[in-house]
There are 2 protein chains.
Amino acid sequence: MVVQTELSDAEVDRIFHALADATRRDIVRRTLVGDASVSSLAADYAMSFAAVQKHVAVLEGAGLVTKTPRGRERLVRADPEMLARAQRLLDAYAELWRGRVERLDALIAEDT
Amino acid sequence: MVVQTELSDAEVDRIFHALADATRRDIVRRTLVGDASVSSLAADYAMSFAAVQKHVAVLEGAGLVTKTPRGRERLVRADPEMLARAQRLLDAYAELWRGRVERLDALIAEDT
DNA sequence: CTAACGTACAACCAAATGGTTGTACAAACG
DNA sequence: CGTTTGTACAACCATTTGGTTGTACGTTAG
């Protein structure tokens, strides 16, 4: 889509795909506030631990989240740098669309 | 993720999924500027007409795009209202993340 | 009218997704 | 020590995805 951004098409694909699932969005939300082990995350979803592990892996692959070992646990946290890049990406789209919508509004206004 | 938005989880799923493909993002970009028939869109991608038809259907299902018949053609255009809703959704995420990042920045600043 | 064009839709296929269970292993607990 | 906890990973499965080709049908052009 060649919006102003430093992200490749494949990275944008991965980011949007990672966010296209309610469980994964919830994991991002929770790890935004503070760290959480994979099992503590898994405790709140009606699916197996392994399934949650996979969701975390998808988020990790998109760079939205990082995992750091602490003892036998793996702490998951939202990665601020990648979130900032994703944020700029979303801003770029929002801005693009805003421009389009305002242009349409202007056309409608002219019609009156 | 329960961000401030009027969209259901399933709708958010569909929107992000629709945007998780470079061809579909390109179609949105092109129909943002002006209408385009499905075949005129398809002419620019290295895939069959039917494949492009399916991509348009995904965008349509997400509400990002509408199709209106004109003669034998079907004109595709980005839907301003849904784009505005998607824009607010993206804004909400960006804002959420911005808050988190700024909070982290503040913590780092305190450490110095 | 006939031919070409634009679309719809079904059938099919390979690969990816999203889930499961089972096994293995290191770390923490008692 | 042995047991439980947290994780990793493989195998498996059903469904979805993203692509294909082929057929049918209305619309436009000659």
Side-chain angles (χ1 to χ4, degrees), chain A residues 1 8-31 34-78, chain B residues 1 8-31 34-78:
Chain A
M1 183 144 177
S8 74
D9 265 14
E11 288 173 309
V12 177
D13 283 4
R14 269 182 255 122
I15 290 173
F16 276 123
H17 172 252
L19 294 175
D21 179 282
T23 301
R24 287 197 291 264
R25 286 193 301 275
D26 196 59
I27 291 175
V28 171
R29 180 187 58 77
R30 292 173 64 186
T31 58
D35 301 44
S37 71
V38 181
S39 55
S40 73
L41 289 171
D44 291 349
Y45 304 113
M47 68 185 72
S48 68
F49 171 81
V52 175
Q53 247 184 335
K54 286 191 184 182
H55 281 305
V56 171
V58 170
L59 290 167
E60 209 182 359
L64 292 172
V65 131
T66 58
K67 252 187 327 184
T68 43
R70 191 186 60 184
R72 65 185 162 190
E73 296 182 322
R74 297 293 180 275
L75 296 184
V76 181
R77 80 171 62 197
Chain B
M1 183 146 177
S8 74
D9 265 14
E11 287 172 311
V12 176
D13 284 4
R14 269 181 254 122
I15 290 172
F16 276 123
H17 173 252
L19 294 175
D21 179 282
T23 301
R24 288 195 292 262
R25 287 194 300 276
D26 196 59
I27 292 174
V28 170
R29 182 187 59 77
R30 293 173 65 187
T31 57
D35 301 43
S37 70
V38 180
S39 55
S40 73
L41 289 171
D44 291 349
Y45 304 113
M47 68 185 71
S48 69
F49 171 80
V52 174
Q53 246 184 336
K54 286 192 184 180
H55 282 305
V56 171
V58 170
L59 289 168
E60 208 181 0
L64 292 173
V65 130
T66 58
K67 252 187 328 184
T68 41
R70 191 186 58 184
R72 65 184 161 191
E73 296 181 325
R74 296 294 179 277
L75 295 184
V76 181
R77 79 170 62 197

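Atoms considered below: every heavy atom in the structure, side chains included; atoms not considered: hydrogens, waters and symmetry mates. Residue numbers start from 1 in every chain, and the chains themselves are labelled A, B, ... in the order their sequence lines are given, proteins ahead of strands.
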Restricting to nitrogen or oxygen on both sides, can you table the protein-nucleotides 18-21 of chain C pairs closer than 3.5 Å?
{"unit_1": "C/dG18", "atom_1": "OP2", "unit_2": "A/R24", "atom_2": "NH1", "d": "3.2"}
{"unit_1": "C/dG19", "atom_1": "OP2", "unit_2": "A/H55", "atom_2": "NE2", "d": "2.3"}
{"unit_1": "C/dG19", "atom_1": "N7", "unit_2": "A/K54", "atom_2": "NZ", "d": "3.1"}
{"unit_1": "C/dG19", "atom_1": "O6", "unit_2": "A/K54", "atom_2": "NZ", "d": "2.2"}
{"unit_1": "C/dT20", "atom_1": "OP1", "unit_2": "A/S48", "atom_2": "N", "d": "3.3"}
{"unit_1": "C/dT20", "atom_1": "OP2", "unit_2": "A/S48", "atom_2": "N", "d": "2.8"}
{"unit_1": "C/dT20", "atom_1": "OP2", "unit_2": "A/S48", "atom_2": "OG", "d": "2.5"}

With the criterion being N/O to N/O and under 3.5 Å, what pairs connect the protein with nucleotides 1-3 of chain C, and how long is each?
none

Within the sub-3.5 Å range, which N or O atoms of nucleotides 2-5 of chain D have a protein N or O partner, and how far apart are they?
{"unit_1": "D/dT5", "atom_1": "O2", "unit_2": "A/R72", "atom_2": "NH1", "d": "3.2"}

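Close to D/dG6, at under 4.0 Å from its OP1 or OP2, lies no side-chain N or O of A/R74. OP1 or OP2 of D/dT7 has not a single side-chain nitrogen or oxygen of A/Q53 nearer than 4.0 Å. Using a 4.0 Å cut-off, no side-chain N or O of A/K67 falls inside it from OP1 or OP2 of D/dT7.
Annotation: side-chain hydrogen bond (donor to acceptor under 3.5 Å, both in side chains) contacts of B/E11 (sequence neighbours excluded): B/S8. Residues passing the salt bridge (Lys or Arg N to Asp or Glu O under 4.0 Å) test with B/D21: none are found, sequence neighbours excluded. Here A/H55 pairs with A/R24 under the side-chain hydrogen bond (donor to acceptor under 3.5 Å, both in side chains) rule; sequence neighbours left out. Among residues two or more places apart in sequence or in another chain, the side chain to side chain contact (heavy atoms under 4.5 Å, CB included) test is passed with B/A46 by none. Listed by chain and residue number, A/S39, A/S40 satisfy the side-chain hydrogen bond (donor to acceptor under 3.5 Å, both in side chains) test with A/S37 (two or more places apart in sequence, or in another chain). Checked against side chain to side chain contact (heavy atoms under 4.5 Å, CB included), B/A51 has the following partners two or more places apart in sequence or in another chain: B/M47, B/S48. With sequence neighbours left out, the salt bridge (Lys or Arg N to Asp or Glu O under 4.0 Å) criterion links B/R30 to B/D44.
Regarding A/E60, its CD atom lies at a distance of 13 Å from the C1' atom of D/dT7, rounded to whole Å. Going from atom CG of B/L59 over to atom C1' of D/dT17 covers 14 Å, rounded to whole Å. The CZ atom of A/R14 sits 15 Å away from the C1' atom of C/dA16 (whole-angstrom rounding). In this entry the distance linking CZ of A/R70 with P of D/dT7 reads 10 Å, nearest Å.
Residue pairs meeting the side chain to side chain donor-acceptor pair (under 3.5 Å) criterion with at least one member in residues 59-75 of chain A, sequence neighbours excluded: A/R70-A/E73.
One distance of note links CD1 of B/I27 with CG of B/L64; it measures 11.5 Å at 0.5 Å rounding.
Between B/L75 and A/G71, it is B/L75 whose nearest contact on DNA chain C lies nearer the 5' terminus.
Between A/A42 and A/F49 the shortest heavy-atom distance is CB-CD1, 4.0 Å. Taking each heavy atom of B/R25 and B/L19 in turn, the nearest pair found is NH1-O, 2.6 Å.
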